[in-house]
Structure formats: structure tokens, C-alpha cells
Amino acid sequence: MATARSGFSSRLGFVAAAAGSAVGLGNIWKFPYETADNGGGAFLFVYIICIFLIGFPVMVGEIAMGRKTGANPFGAYKQLGGKSWSWVGLLGVICGLMILSFYNVVAGWSFGYFLQISFGDLLAQEDHGAFFGTYAADIGDNFLFSLAFMLLTGFVVLRGIQKGIESASKILMPMLFAILIALIIYALTLPGAGEGVAYYLTPDFSKLNLGVLNSAMGQAFFSLSLGMGALITYGSYISKSDNITTSATIVTLADTSVAFLSGLLMLPLVFSAGLETEGGPGLVFTILPGIFQGMGAIAGRIVGGTFFLLLCVAALTSTISLLEVPVAYLVDERKWPRRKAVITMAAVIFLLGLPSMVSFGAVDWLSNLTYGGESGKSFLDLVADTFSEVGLPLGGMLMSIFIGVRWKTNNLSDEIAIGNPKYKGSWLETAINVMITYVCPVVLALIFVSNLLQKFAGVSIL
Ligand code: PHE
């Protein structure tokens, strides 16, 4: 069996990179509106349960598979489960590729907004909702900014694990926390902020139902970067002496705190503008600019520019991890030089993202798809629904089944125990094994089937 290849220089390097992968647009762009739409504090409560009961064990499983095999997801399943399981890893590689294709489009919007709020006249617009509509439909800027984002991502990945991914994460992650805290402190001083915080933190348990559980679970999975092998890949670059459970705990806590803190930033901002809990994906691009505009020309530029910079930083450490997955696959399995793998993959994924990019008005039929009984969906929605809402729970389900029935939990325990001598016999070992063997497959199967039916047949079972 292969041993870990050279990779991260230290545990801190891995933790920064894995937390970077986890913390992304999901935390800052998606989590606050999911929370606002699903009953505030009640959603938060369910989300945290999903994170620790389902997300954490799956994360530990992924990292352990990666370290054990020293390989990309395809190679990891192949080594541990034989050819008949390797397709599960391949599925992960494909999900990664497709998720990056649309993620990079949203990252491109963030980058464009950062530049045009800081240095252009975006804030002078009268109607920000309409402006975003025109902006997203204009492919000139979008093409340019998402290409720039992909080039930046490719540049970091090209430099390799230590010099690229690790060094970038060690700079970007502290920067992200600092910006986030500074913005929160400012947002909390705004009039009306208290109501926003109260809305965010007061749980309304009457809003809880299985649908909310489903959204929370999906969000938890996406946010922790699980189900497609990003953490198998990063796990393949860590040392045998690393303590996997401790690292996974830190990554989980970092991701959850950034999600929590983003809500603490966003809801006060929205309430300060007297906007109740207007949610939806447009929150960041349609509502926030209006709020920044209301702060005055200079403050708006500074606060707004800083906010979109935060979004770019969060997105970049995630796009890096998404690109590394197919790159590692080509390098390990096809023996491609890293350079060729990075350039090819970045180009292919950028091209795959073009239909998503033009699905906000630039190309009519791609902007108005009908599936699952809903019309007016974009091609980006279609890719996100397929590869993230359905693909990730499927990947997580298959991984927990794989560990439970094929690789076996005693082998998982052996791998974890290498860097954590007290692991065997601990309550944590029992908890992780029970969750991975019995609970995760069932819960994730339910989410997978429910999302599949809901997104593509228009039938809600949860
Ligand atoms: N976790 C990232 C986010 O929250 C998205 C992501 C998903 C990154 C899967 C890598 C793999 O934005």
C-alpha cells in the first residue's frame, strides 16, 4: 500500500488548506439566506446538529482514506476497494469538475463586484436589482472576471501543494477572518442591527420540518466540501503523524464559525436597511449593494469593496481545492506532469462553465429551462442541482457504505490511530463508527433520493 506522498509541510498547513476549501461562497453567500429563509435560529440549530453528527464523521472518513492511500479519490477507492469501487472516486472527480465550472462563475461575479464597487461606479446605480440583472446577462465582464479567477486558481495550484496551496491558504485564511470580524464590528454599530441579530438567533421551532432538515443537511455537506473527495485529495498530502480527528475538528469548527459569523454580518446589514428577511440567492448581489450605497460614497466604497474582497478570498481557497481534485487524478492515474494537468483542467473547466455563465439572460433558452416541474431555471441551477444537491449526498452515502461494508471500520480506526494513539477504544471511535456504518448511509440516502425527486420530478417527500 502506498504511503503518504510529500505534501503539506505541517498540520497547520493542512488545516489552513482544508478550512480554506470548506469556507467559501457556501458560507458567506448561501448560508445567511438559507438561514433567513428557513426560520433563523431554528435552522442554525439543525444545521449545527447536521454538521457534527453527519458531516464530521464523513470528513474524518475522507481524510483517513486519503492518507491511507496517498491518492486522489479514484486511486483511493481503487486501492482500498478494487476496480469495482473505483467509479465512486471517479464520480467525485466529475462532481468536483462540474461544481467548479459554476462556482467559478459566481466567483467571477464577486470579483467583478469587488473591482467595480471599489474602483468603479457600481454604487451609483439606482436600482441594484435591475443592475445585477443586466450585469449577469452581459457576458463581456463576466467572461473577463471569471477567466481571471480561473487563472488565479490555476496559478496557485500550479505552484504545488506547499508553495501554492499551503502558502496561499496560510495568508488568505487569517485575512478572511480579520476582514469578517472587522465588517461584523462595523455592522453591529448600525441602527437596527440588534433586530437582525435577534431574528438570527431567536429560534422559531415551529418552522422546523423535514424540508428544513433537508436544506440544512445539504448546506452542511456543501459547506464542509464533502462527498466528492476534496478531502480525500488533501488527506493524501498529510503526514502519518497528524492527528486526523483533531484536524477535522478544527476544520469543522472553522467552517461553522465562518458560517455563523456571516449570518452575524449579513442579518444586521439587511435589518439596518429596514429590509426584513429578504433572502434568496440575490441577497449578496442585489440587496447588499443598495445597503452599501446608503452608507455614503466613501464608507460605501470601503465597506462594500471589503465585503466583496472577503467573498473573493473565501471563493479562491475553495476553487483551489476543487481544481486540485481532477489535477491529482491526472497526475496520479495518467502520470501527466502537474503543469499539463493544471493548464488542461483549468481550460476544460472554464469552457464547461460557459453555458452556466450565459444562463442569466445572455442566452435565452439556457436561462429559461424547465425541469422538475419548475420553469425559469438557469443552466447554472441545473448543474448545481445535479452535481451539488444530488451528487454530493450520493457521494457521501457511497463513501459511508464503502467504509462500512468494504474497507471496514476497523481499518478506518487503524489509520486514525496512527496519529492518535488514544483513539482506539475511545468514545469518539465508537461514535464515528456507529455514525458511518448506520446513520450516515441512511440519512444521506434519504437526502439523495429526496433531492433527486424534488429537483427533477417536482415531488417533495421530505
Ligand atoms: N465548501 C465550499 C463552500 O462552502 C464549496 C466546495 C464544495 C468546495 C465542495 C470544495 C468541494 O463554498
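Read the numbers this way: they start at 1 and go in the same order the structure lists the ligands and their atoms. Sequence positions, counted from 1, serve as the residue numbers for this chain.
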Subject >> N or O contact, L226 vs ligand 1, cut-off under 3.5 Å >> reply: no
Original post:
Can a salt bridge be assigned to the pair R67 and D242 using a cut-off of 4.0 Å between side-chain N and carboxylate O?
Top reply: no
Original post:
Less than 6.0 Å separating the ring centroids of Y135 and Y113?
Top reply: yes
Subject >> Element-labelled atoms of ligand 1 that are located less than 4.0 Å from some non-hydrogen atom of S321 >> reply: 10 (C)
Original post:
For atom 12 (O) of ligand 1, which protein heavy atom lies nearest, and how many Å away is it?
Top reply: Y103 OH, 2.5 Å
Original post:
Between S262 and N27, does any side-chain donor sit less than 3.5 Å from a side-chain acceptor?
Top reply: no
Original post:
Under 6.0 Å between ring centres, would you say that holds for F8 and Y234?
Top reply: yes
Subject >> L25 neighbourhood, listing ligand 1 atoms whose heavy-atom distance to it stays under 4.0 Å >> reply: 12 (O)
**OP:** Please examine the side chains of S239 and F14, heavy atoms only from C-beta on, and report whether any two atoms are closer than 4.5 Å.
**Re:** no
Original post:
Of the backbone atoms (N, CA, C, O) and the side-chain heavy atoms from C-beta on, which set of S225 has a member under 4.0 Å from an atom of ligand 1: side chain, backbone, both, or neither?
Top reply: both
Subject >> Atoms in ligand 1 with a heavy atom of S318 nearer than 4.0 Å >> reply: 2 (C)
Original post:
Which atoms of ligand 1 are found less than 4.0 Å from any heavy atom of G26?
Top reply: 3 (C), 4 (O), 12 (O)
Original post:
Tell me: protein heavy atom nearest atom 7 (C) of ligand 1, and distance?
Top reply: F222 O, 3.5 Å
Subject >> Sub-4.0 Å atoms of ligand 1 with respect to non-hydrogen atoms of S223 >> reply: 1 (N), 4 (O)
Original post:
Under 3.5 Å, is there a donor-acceptor pair between the T252 and D255 side chains?
Top reply: no
**OP:** Could you tell me whether F52 atom CZ has more than 12 heavy atoms of other residues or ligands within 6.0 Å of it?
**Re:** yes
